[in-house]
Amino acid sequence: MGIGPAIDEGFYYDFDLKSPFVPEDLEKIEAEMKKIVSENIPVVRQEVDRETARKMFSDMGEDYKVELIDDLPEDSVISLYRQGEFVDLCAGPHVPSTGYLKAVKLLNFAGAYWRGDEKRPMLQRIYGTAFMSQDDLKQYLDKLEEVKKRDHRRLAKELDLFSIQEEGGPGLVYWHAKGALIREIIEDFWRKEHRKRGYDIVYSPHIAKLDLWKTSGHWNWYRESMYAPMAIEEVEYMLKPMNCPFHILMFKNQTRSYRDLPMRMGELGTVYRYERSGVLHGALRVRGFTQDDAHVFCTREQLEDELIGVLELAQFMLTTFGYAEYECMLSVRDPENKAKYVGDDESWALAQNALEQALLRKNLPYTVEEGEAKFYGPAIDIKVKDALGRRWQGPTIQVDFNNPERFDVTYVGEDGLRHRPVMIHRTVLGSMERFVAGLVEHYAGAFPLWLSPTQVTVIPIADKMAGYAEKVAAALREEGFRVNCDLGHEKMGFKIRQAQMQKVPYMLVVGAREEESGTVSVRHRAGGDMGAMPLDAFIRGAKEELATKSLEMLVKSQT
RNA sequence: GCCAGCGUAGCUCAAUGGUAGAGCAGCUGAUUUGUAAUCAGCAGGUUAAGGGUUCGAUCCCCUUCGCUGGCUCCA
């Protein structure tokens with residue numbers, strides 16, 4: 001036996017088995033659990049000293065338990081829980097007897113390294129969950145079903161958004177027309193909002209000389225995520241895993257003055273990182289992706305205000321995309337393993353302090369996460385909560401005193417002397433791939449009107465109405481809507497079904513009645529038949545919905 | 001990368017140690033319809049790839065590739 005803790009959504013237990021679990025084992029074990037529950041066996045707590053516990057588990061041949069005991073302080077009192085012939089190490093508390101268990105289900109099994117260390121043996125882990133009632137359990141299982149239905153890989157296929165091609169290689173995303181359109185809308189919005197806030201938007205190359213990556217520290221601290229160098233006319237080049245060195249070069253292209261600062265340089269920059277094959281997951285974890293990256297060069301005095309500006313931009317973006325809740329984390333170094341990071345203690349302390357001050361000034365509660373910093377500096381990492389309450393990695397904001405040093409970046413101050421600027425690295429959306437995949441799941445594919453690839457489908461009742469349908473579609477296009485006019489020889493019900501399945505927000509049904517009165521019969525994908533209204537009235541309403549980027553319809557679609 | 005499982009038509013899935021079948025999608029034709037599927041016909045597959053066992057493999061074995069669930073890692 002390994003360990004078997006309770007986790008957020010249930011529990012697991014690790015075993016070192018001679019032969020791995022097979023699916024039938026789950027049923028057998030679950031049946032045995034039910035039997036034990038029905039026997040209502042008392043669960044008794046017992047406290048022993050370390051030596052006693054050690055001998056006990058050593059006699060039983062439970063070497064993993066012995067290792068756990070050995071890691072506890074010598075004078076610790078160790079609690080055991082005994083249930084019939086079974087005894088286990090546990091801090092507790094436990095239910096008084098097995099009959100207290102009302103609804104237990106084993107879910108799946110998988111390999112897991114002993115103590116999470118890939119150099120240690122791999123154990124067989126079994127996952128399960130438990131609830132106070134069968135109803136609660138059922139609700140949980142229904143939620144798992146809902147998660148499956150929303151899976152971006154499934155929806156991307158159904159809605160024809162993007163794909164990954166086996167012939168092209170794993171972890172490389174192909175954006176189909178509709179997905180590309182959503183991405184374009186998001187990128188346009190991103191650019192507009194960044195320009196408003198004083199960002200310059202740039203482009204940089206995809207490869208650079210190996211020496212550049214040595215200067216930046218990537219070669220030393222990030223090599224295992226980079227693709228092998230390629231020789232071009234006997235000079236080695238590398239594919240970029242990050243955009244920062246390029247932005248630094250652009251900053252250094254001229255002598256900068258304090259008057260140029262803060263300089264905010266943004267780029268939708270495509271990077272390539274080697275990700276181990278087992279970690280790839282749809283568009284959420286890929287090998288080539290486009291970050292909504294930006295680097296702010298500023299003075300130490302400007303740093304805090306710049307961080308506040310980034311935090312406010314992040315909050316604005318998250319809200320616009322319908323993420324109402326989020327959690328902030330201050331990611332700092334792993335104090336045990338400083339060799340993983342570039343730079344000295346002092347600059348790390350300064351950077352961390354600046355981030356902390358910004359969080360405090362914005363009144364944002366946060367937790368400190370050790371070992372979560374990037375190799376060049378500490379960060380604020382924001383996790384957003386989606387419509388199903390799941391947490392996703394969102395914006396990340398990093399302070400970097402090291403790269404300006406390594407690249408000898410300077411600006412000329414009021415005093416005529418050269419000074420060292422500070423750098424902020426930040427992304428708000430993360431990457432287009434991950435962000436859009438997240439949105440697909442957040443909205444279950446039913447994007448708000450402003451993001452929907454097709455906003456309106458016009459459905460003539462019969463072929464002879466095609467003329468009016470096309471007139472309606474043309475009028476809408478003239479107003480800037482993305483319109484599909486469905487002139488196929490199918491019945492209206494079939495066309496409605498098609499549009500529903502494609503999650504088109506509005507379907508406009510037109511027949512003789514509508515043509516005579518210059519109206520359209522409006523059907524909303526979630527609200528159903530909304531009756532006839534003059535075409536201009538529909539246009540006005542839809543424009544209003546667009547202008548507010550309203551999520552009202554989303555809320556409606558979930559009830 | 002590691003542990004386990006999976007890979008059959010564009011998609012969802014059947015079937016079998018004896019030259020693979022359905023629904024949807026596609027194409028052709030008919031139908032002209034009032035709020036989630038009109039009807040008929042046609043076409044579509046070296047059963048992921050390579051090797052082995054066998055009289056014969058899609059099925060059994062091995063290797064490779066890819067995917068899925070986890071672990072480790074991460075935008």
Side-chain angles (χ1 to χ4, degrees), chain A residues 12 14 17 19-23 25 107-127 148 151 153-154 157-158 160 163-171 222 224-225 241-243 269-271 273-293 372 374 379 381 392-396 398 425-435 437-438 459-466 488-502 507-514 521-525 528-532:
Chain A
Y12 66 78
D14 287 343
L17 302 175
S19 55
F21 285 120
V22 294
D25 292 336
L107 298 170
N108 53 355
F109 52 85
Y113 298 110
W114 168 238
R115 308 194 100 176
D117 183 345
E118 63 181 323
K119 292 182 188 72
R120 308 291 307 265
M122 181 158 269
L123 309 181
Q124 299 298 314
R125 176 171 297 177
I126 198 157
Y127 283 95
K148 250 194 218 162
D151 192 306
R153 292 165 297 185
R154 172 187 184 146
K157 200 180 274 176
E158 287 171 10
D160 196 18
S163 64
I164 291 173
Q165 300 289 332
E166 188 170 340
E167 288 153 282
Y222 205 69
E224 74 277 10
S225 296
M242 292 190 193
N243 303 298
T270 303
V271 298
R273 298 183 186 172
Y274 167 67
E275 300 282 358
R276 299 203 283 179
S277 57
V279 309
L280 299 174
H281 181 89
L284 283 173
R285 192 74 185 274
V286 293
R287 286 181 173 160
F289 54 97
T290 301
Q291 293 182 298
D292 68 310
D293 209 356
E372 295 293 314
K374 318 294 147 186
D381 287 310
W392 301 70
Q393 172 63 50
T396 166
Q398 301 142 21
H425 307 240
R426 41 113 290 184
T427 69
V428 172
L429 308 178
S431 73
M432 299 314 297
E433 287 74 9
R434 184 174 283 185
F435 188 72
I459 299 175
I461 248 148
D463 281 358
K464 57 176 179 281
M465 302 313 301
H489 294 190
E490 302 287 346
K491 288 175 75 167
M492 181 198 57
F494 181 83
K495 293 178 185 177
I496 286 175
R497 182 180 152 81
Q498 295 290 304
Q500 285 285 157
M501 291 197 305
Q502 286 298 304
M507 287 148 271
L508 302 184
V509 178
V510 294
R513 296 204 295 263
E514 286 77 11
S521 282
V522 181
R523 181 189 165 93
H524 183 260
R525 67 182 167 206
D529 191 349
M530 297 164 71

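Letters go in sequence order (proteins before strands), and every chain restarts at 1.
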Using a distance-only criterion (donor-acceptor N/O pair, under 3.5 Å, no hydrogens), is the base of [N] paired with the side chain of [X]?
| X | N | result |
| --- | --- | --- |
| A:S521 | B:G34 | yes |
| A:Q124 | B:G70 | no |
| A:R273 | B:C74 | no |
| A:R497 | B:U35 | no |

What nucleic acid atoms does [X] come within less than 4.0 Å of, heavy atoms only: base, sugar-phosphate, or nothing?
| X | value |
| --- | --- |
| A:H281 | sugar-phosphate |
| A:A512 | base |
| A:Y113 | base |
| A:G511 | base |
| A:F435 | nothing |
| A:D463 | base |
| A:G278 | base |
| A:R153 | sugar-phosphate |

Would you say [X] places a side-chain N or O within less than 4.0 Å of OP1 or OP2 belonging to [N]?
| X | N | result |
| --- | --- | --- |
| A:K491 | B:U35 | no |
| A:Y127 | B:C71 | yes |
| A:T427 | B:A75 | no |

message: For B:G45, give the paired nucleotide (Watson-Crick: N1-N3 plus N6-O4 or O6-N4; G-U: N1-O2 and O6-N3; both under 3.5 Å), or none.
response: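 The base-pairing partner of B:G45, which may sit in any strand shown, does not exist here.
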field: B:C73 - base-pair partner by Watson-Crick or wobble geometry, distances under 3.5 Å
entry: none
- prompt: Are side-chain N/O atoms of A:D293 and A:T427 paired as donor and acceptor at under 3.5 Å?
  reply: no
- prompt: Within a strict 4.5 Å, meaning less than it, do heavy atoms of the A:F289 and A:V271 side chains meet?
  reply: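 They are in contact (side-chain heavy atoms under 4.5 Å apart), so the answer is yes.
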message: Between A:N108 and A:I126 (side chain of the first, backbone of the second, donor and acceptor by atom type, cut-off under 3.5 Å), is there such a pair?
response: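 Flag not set: sc A:N108 to bb A:I126 has no pair under 3.5 Å.
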Stacking check A:F289 vs B:A75 (5.5 Å / 30 deg): yes
field: Spacing of the P atoms in B:C59 and B:U63 (rounded, Å)
entry: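 15 Å, rounded to whole Å.
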message: Assuming nearest nucleotide by heavy-atom distance, tell me which of A:G282 and A:Q500 is located more 5' along RNA chain B.
response: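 The answer here is A:Q500.
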- prompt: Toward the 5' end of RNA chain B, which comes first, A:V522 or A:G169, by nearest nucleotide?
  reply: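 Per heavy-atom nearest nucleotide, the more 5' residue is A:V522.
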